[in-house]
Every structure is written in C-alpha cells, then in structure tokens.
Amino acid sequence: MSSSRITLVFFLSLLVSCPAVSEIIHDAEFYMLKQQHGERWAEEDKELSRKLAALKEKHGAPPNIVYLLWDDTAFGAVGFPALQKNFGYETPNINRMAAEGINFTRMYTEPSCTPTRAAMLTGRIPVRHGMGVVGMPHEFSGLRKEEVTIAEVLSEAGYATAFFGKGHLGDIEESYLHNQGFDEALFTPMNQLTSVYNPQGNAVNAVLGLHPEIYPPDPYALDKPGLVPEGWVMNIEGRKGEKGKEWCGTSNECYEKLDTEAEKRTLAFIRKNAKSGKPFFVSYWPNFLNFLAPVMPKNSVAGLKVADAFPKVDGFIGQLMQELKTLGIAENTLFIAMADNGPMVHSPPPGWGMLPMMYRGGKGDFTEGGVRVPAFAWWPGVIDTGQVVGDIIHVTDLYTTFARLGNATSHIPTDRIVDGLDQTALLLKGDGNSRRDYVFIYAGHELGATVKGRYKRHWIGAGDVAASGMPEAYFDLYMDPREENPQLTPLIHTQGQFNQMVARHRLFKKKYPDVPNAKGIPYTGLSNARPETEAIADRVKAVVEAMPFDLKEYLEFEIPGSDNQGDWGH
C-alpha cells in the first residue's frame, strides 16, 4: 500500500472516532487514544457514573468544588516535607493535604498567569481564544464573552458560584468575573505588579514614572498622561447581572486587604451554601505576594519573599479543610489546590527565593520548570489517602472533570474544541487512570514544545539544524528531567511521530480556527467609576477623532510581536 494510501486510511479512521456534532469536541490526540481505549473507557464510565449517583443519593446533592490557585511555585516546593527541610520553610497544611489525598507529580499548566487562568476557566488552551499573553494596564482586552466558563457550565446545573482573588483576565467589562458566570466576585483585573503601582513604589524606584506628581515639573513633558495608565482599577466586585464597582482603591493598603477579604468571603460563601444545601463552586486565587510590603518579623527561617508568603496560604488551606469537616460537607466536597506556573527564575528581585528545584526554567518557559507545578486533590472518603500520581493531567482537564462531577457535561459547548479531558477516573481510581498522555505547550501563541508520555520535543530554540533537517530537540524526561541534554540519534525515531502529532493538532485548528481575545475600552460598567477612570474612554475617542481610522480598527489592531510579551523563555 502506498504511503499516501496509508495516510488516507489513517485519517478516515480518525474521523470515524471523532464525536457527533452534539458531543464535546476534543483535540486530535484524544481520538488517537480513544481508538485504542474507547471500549474500556466506556465500561469504566458506567462504573464511575454508578459511584457518582450513589454519592449524590447519599448526600442529596452533587459534590461541592473548592479550587485554590496561587502563583509562581516550582514542583516540589510544597507537598514534600523532606525537600522543605533543605530550604528553611514548611507548609504543614499543604503537606497534610497531599498526604491525605492525591499529590499530582505531572500536573501541567501554561507558562504564565493569564494563560493558565484562562485555560482553567474555559477548558481550552489559551491560543484558541487569544489569552496566551500577560496583560498590563491599560490592556484594552480580555476574556471574550463568547467563551463558556466552568462557572457558567456549573451554574446551568444549579450550582452557586463565586470567585475571590486574583483574576488577571483583562480590564474590559465582558471579562469581569461576575460577567463570566460567577454569581458573586471580588477580583483583580491585573496581577501582583499593581502592589507597587503607587507613590511609595515609585518613590523607591520599584516602578518608574508612574506618579509624575512626586517629581519636580518636567519642562519637556508634552503629553498628559502620556505613557501613564491613568484611571486604572486594582480591584472590582460585582454580582451576576449587575454593574461592578471599584473596591477600596489603588493603594498598597488596598492590595494588602484583598486576600484577607477574599478568605473571609470564601468561608462565608461556603457556610451560606452548606446551610441551604445548595451545591457550590468557589474559586479563591490569592494575590499571594505583595511586592512592596516588608515582612517584619520574618515568617520563615529562610526569610525569603516566597517562603514568607506561604504561611498565610498554608494556614488558610488548613482552615478550609477544617471548616469543611465542621460543616459536615467534607465528604461531599472536592478540594483542589495548585500553583499556576513555575517560579520567576529569570532575573527575579533579590531575596525572593523562587527556586527552580528539580526542573529547568520557570515562569514564561515551555520547559518543565515553567509548566509543571505542585497540585493536590483532597476529598475525604472518596479519594484514597496517600496517593502519589504519576499520570499526566493538564489544567484544562479540571474544566471537564468538574462538569462531569456536577452532572453538567451537557452544558459544555460543542461548537469548538475543548482541550480539557474528563479525568474523573484519575480522581476516583487513582494512579494509572489518566486519559491523557500528551500536552501541547505554547509560548505566547507560538507552539513551543510537545510532550508525549515520557518524551518531549522542543519546537523553539532547538539548536542548529543539520543539513538533513534533523534538530537536536528530543528529550527523555525520565532520563533528563531538566531538558539539558537533547538527543538526536537515540530519539530520532520519534521525529515522524511528533511531526504527525502537530499535523493533526493543526488540522483540527484549521477546522476550528483560533479566535482573538475581546477588545474594548478599559474599566467600563463600574457604578462608582472615578472621573479619571471615565476619562479613559474620552481619551480614546479623542485619538480616533484625530486619526484616519475608526474605533474598532484601532482597538483590534494586532501589533506584530506583541504576543511575545511576558514570554521570558522564548
């Protein structure tokens, strides 16, 4: 049989295993696995459905879901007390959570904050909806309203939903979390850098030129506010169907208050719904780090910024586990806690202690150090204790898994690719039961690397390519977890297979094209907007009136190279 004939037969067989229009559409690689394991998975799903039905009958409702996501932490930094002995800090509650449930050793995320957060909420890798880069004020963009978040999916199934903490999903109205399916929300449109966006931060040169009022008058300054993002908003609160409002202000004191307020609201939301018996989904994503605030006295022997930030998050995790038990709902609540990406190892501020540890690289990189994070699942009486799971799982899988647990799968959209796979079997049956053995890792909106089981190929920075076209770009992650010794001859037999993986991936993207993120005027839809915030729209209007283009053309213009912003590992 000719090679072209073989290829045709292969793709026809792949199409046969693809879903009907009314079913969830996954990426091509899933159907490769489904061809081989579909019958077994179907039988397994029947067993899992019986177990979930029995749990619902026992508790009178589907399980509650609590999801906690913090920043910039290397795999191994928490959950492994033996390692912590070498670094001068401890997280006893996180370690206990790991010991009493599942400690995931191959949880993959995206390389930085915004992409991971968007991936989790939508179940889609961020290149699909333009959320693959880290935005800064004024961003003029954010998560588009057409995306269907896990909050919207679970709301359709009768869940109460809430979000508290760092959102970092854009500064336009449609991206606000109370406009993305959450019944109530208190969130930040941006990231932790806003902790230094104040006169004190400018005074110590943590940020430069943001507050011109603290400088002597500049006789050469013509444009006001010029490059200063005047009128930006640090925190927004709101309820579904209502206008949002600015919460507190833009001072470092307001920044510092957010996590404490978010913790208080998280507990209040849990207590309220536990009392009413309504199933709930609550996300708490702490700011975690205040770049400006000193820690006095130090919280850890290490005395490093990250080590000193852990006690607050760790203490709240312990409080959450105890509260769920006290309320009598722990056995009907899945609690997952994890980091969003690897540590900021590229030129971090001194004394931060963001350690790369086992894997090379960190925040912004497509190496394992950027996208392999600590992650834990705790569900007393349902998830067996003491599990160390080696299966691959991706942050998008939480979307589909939460929907399955909440009997909400029918509300997942079927007109687009949903990358998240249902990992209920992994949660309930443990090690060896993942339905994923692959990850496509994007750097910004460019494919950086592909993982297949223990093997990985780099597509960016693969070194000099010989005249044969064969790059030194292949890694065995068991043998070389730091990706420091690329293989050519020993792994060149994987070249064709990796190429075919990407071919299938891109053919699916061709059928279901990527879309850009949403664009708009920042910080509209606030009932208590300050004059300087409302003036943002006036400035944009003045620009458009003075220029030979319209508002839509202006806001939607794609700047070449802008999607490399924040991609430190590129």
Side-chain angles (χ1 to χ4, degrees), residues 40-68 93 96-104 150-151 153-162 183 266-284 317-337 375-387 389 391 393 397-412 420-435:
R40 176 173 63 84
W41 288 349
E43 287 302 311
E44 192 173 68
D45 282 337
K46 292 177 184 176
E47 174 195 345
L48 294 170
S49 293
R50 286 192 293 270
K51 184 166 186 176
L52 292 175
L55 286 170
K56 184 177 180 181
E57 184 176 356
K58 176 182 177 181
H59 298 288
N64 310 302
I65 301 168
V66 178
Y67 181 62
L68 194 151
N93 294 300
R96 179 166 60 88
M97 183 181 182
E100 293 180 1
I102 292 176
N103 189 338
F104 294 104
I150 186 58
V153 169
L154 290 172
S155 290
E156 288 290 331
Y159 274 67
T161 59
D183 296 332
T266 298
L267 291 173
F269 179 81
I270 290 172
R271 290 165 183 157
K272 176 180 69 177
N273 287 287
K275 184 177 180 180
S276 70
K278 186 171 185 177
F280 62 82
F281 166 56
V282 59
S283 279
Y284 169 45
I317 285 175
Q319 186 180 0
L320 259 179
M321 291 192 292
Q322 184 55 54
E323 185 68 21
L324 294 171
K325 289 179 178 178
T326 301
L327 293 170
I329 60 172
E331 293 188 356
N332 197 38
T333 302
L334 169 63
F335 178 20
I336 287 184
F376 317 98
W378 184 82
W379 189 351
V382 179
I383 289 178
D384 291 338
T385 63
Q387 296 187 69
V389 168
D391 301 75
I393 180 171
D397 296 343
L398 300 178
Y399 177 94
T400 320
T401 306
F402 290 174
R404 170 76 182 281
L405 295 174
N407 196 28
T409 301
S410 62
H411 303 296
I412 292 176
L421 305 181
D422 178 10
Q423 296 283 23
T424 303
L426 183 59
L427 285 179
L428 301 189
K429 293 171 68 70
D431 195 44
N433 286 284
S434 177
R435 297 189 179 179

Practice prompt. Start with the C-alpha gap between T424 and R435, add the side-chain angles, then the distance that decides, and say whether side chain to side chain donor-acceptor pair (under 3.5 Å) holds.
Written response: CA-CA 9 Å; T424 303; R435 297 189 179 179; over 6 Å; no
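- In terms of the ring pair (Phe, Tyr, Trp, His ring centres under 6.0 Å) criterion, residue partners of Y284 (sequence neighbours excluded) are, by chain and number, F316.
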Worksheet item: Does the pair I383 and L334 meet the rule for a side-chain contact (heavy atoms from CB on, under 4.5 Å), with working shown?
Response: CA-CA 9 Å; I383 289 178; L334 169 63; 4.0 Å; yes
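- Within the 4.5 Å cutoff, no side-chain heavy atoms of F280 are placed close to those of L154.
- The backbone N or O of A162 lies less than 3.5 Å from no partner atom in the side chain of D183, so there is not a single donor-acceptor pair.
- To the nearest 0.5 Å, atom CG of residue D422 and atom CG of residue L398 are 11.0 Å apart.
- Closest of all the heavy-atom pairs between S49 and R404 is OG-NH2, 3.2 Å.
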Worksheet entry | Derivation of the side-chain contact (heavy atoms from CB on, under 4.5 Å) call for F104 and L426 | CA-CA 10 Å; F104 294 104; L426 183 59; 4.0 Å; yes
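- Atom CG of N93 and atom CZ of F376 lie 12.0 Å apart (nearest 0.5 Å).
- Closest approach of Q423 and T401 over heavy atoms only: N-OG1, 2.8 Å.
- The distance from the CG atom of D45 to the CZ atom of R40 is 10.5 Å, given to the nearest 0.5 Å.
- Within 6.0 Å of CG in N103 there are more than 12 heavy atoms belonging to other residues, nucleotides or ligands.
- For the pair L427/V382, no side-chain contact is recorded, criterion being any heavy-atom separation below 4.5 Å from C-beta on.
- A donor-acceptor contact shorter than 3.5 Å links the side chain of D391 to the backbone of G432.
- Of the charged side-chain nitrogens involved, at least one lies within less than 4.0 Å of a carboxylate oxygen, so that E43 and K46 count as a salt-bridged pair.
- Residues Y67 and I150 fail the side-chain proximity criterion, which asks for heavy atoms closer than 4.5 Å.
- The shortest side-chain heavy-atom distance between T400 and T409 does not fall under the 4.5 Å cut-off.
- The two residues W379 and P63 make their nearest non-hydrogen contact at CZ2-CB, 3.7 Å.
- Rounding to the nearest 0.5 angstrom, the gap separating the CG atom in L428 from the CG atom in L405 is 6.5 Å.
- The backbone N or O of I329 lies less than 3.5 Å from no partner atom in the side chain of N332, so there is not a single donor-acceptor pair.
- Of all the heavy atoms in Y159 and P62, the pair that sits closest is OH-CB, 3.4 Å.
- Closest of all the heavy-atom pairs between K278 and N64 is O-OD1, 4.0 Å.
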Discussion item. Using the rule given for side-chain contact (heavy atoms from CB on, under 4.5 Å), can you reason through L320 versus I270, listing the C-alpha separation, both sets of side-chain angles and the distance that settles it, and then say yes or no?
Written reply: CA-CA 9 Å; L320 259 179; I270 290 172; 3.5 Å; yes
Practice prompt. In sequence, state the C-alpha distance, the side-chain angles, and the governing distance for Y399 and V153, and then conclude on side-chain contact (heavy atoms from CB on, under 4.5 Å).
Written response: CA-CA 9 Å; Y399 177 94; V153 169; 3.5 Å; yes
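- Atom OG1 of T333 sits about 8.5 Å away from atom NE2 of H59, to the nearest 0.5 Å.
- Residue pairs satisfying the salt bridge (charged side-chain N to carboxylate O under 4.0 Å, His left out) criterion with at least one member in residues 53-66, sequence neighbours excluded, are listed as follows: K58-E331.
- With rounding to the nearest 0.5 angstrom, the CD1 atom of I65 is 11.0 Å from the OG1 atom of T161.
- Considering every non-hydrogen atom in both M97 and I317, the closest pair reads SD-CG2, 4.1 Å.
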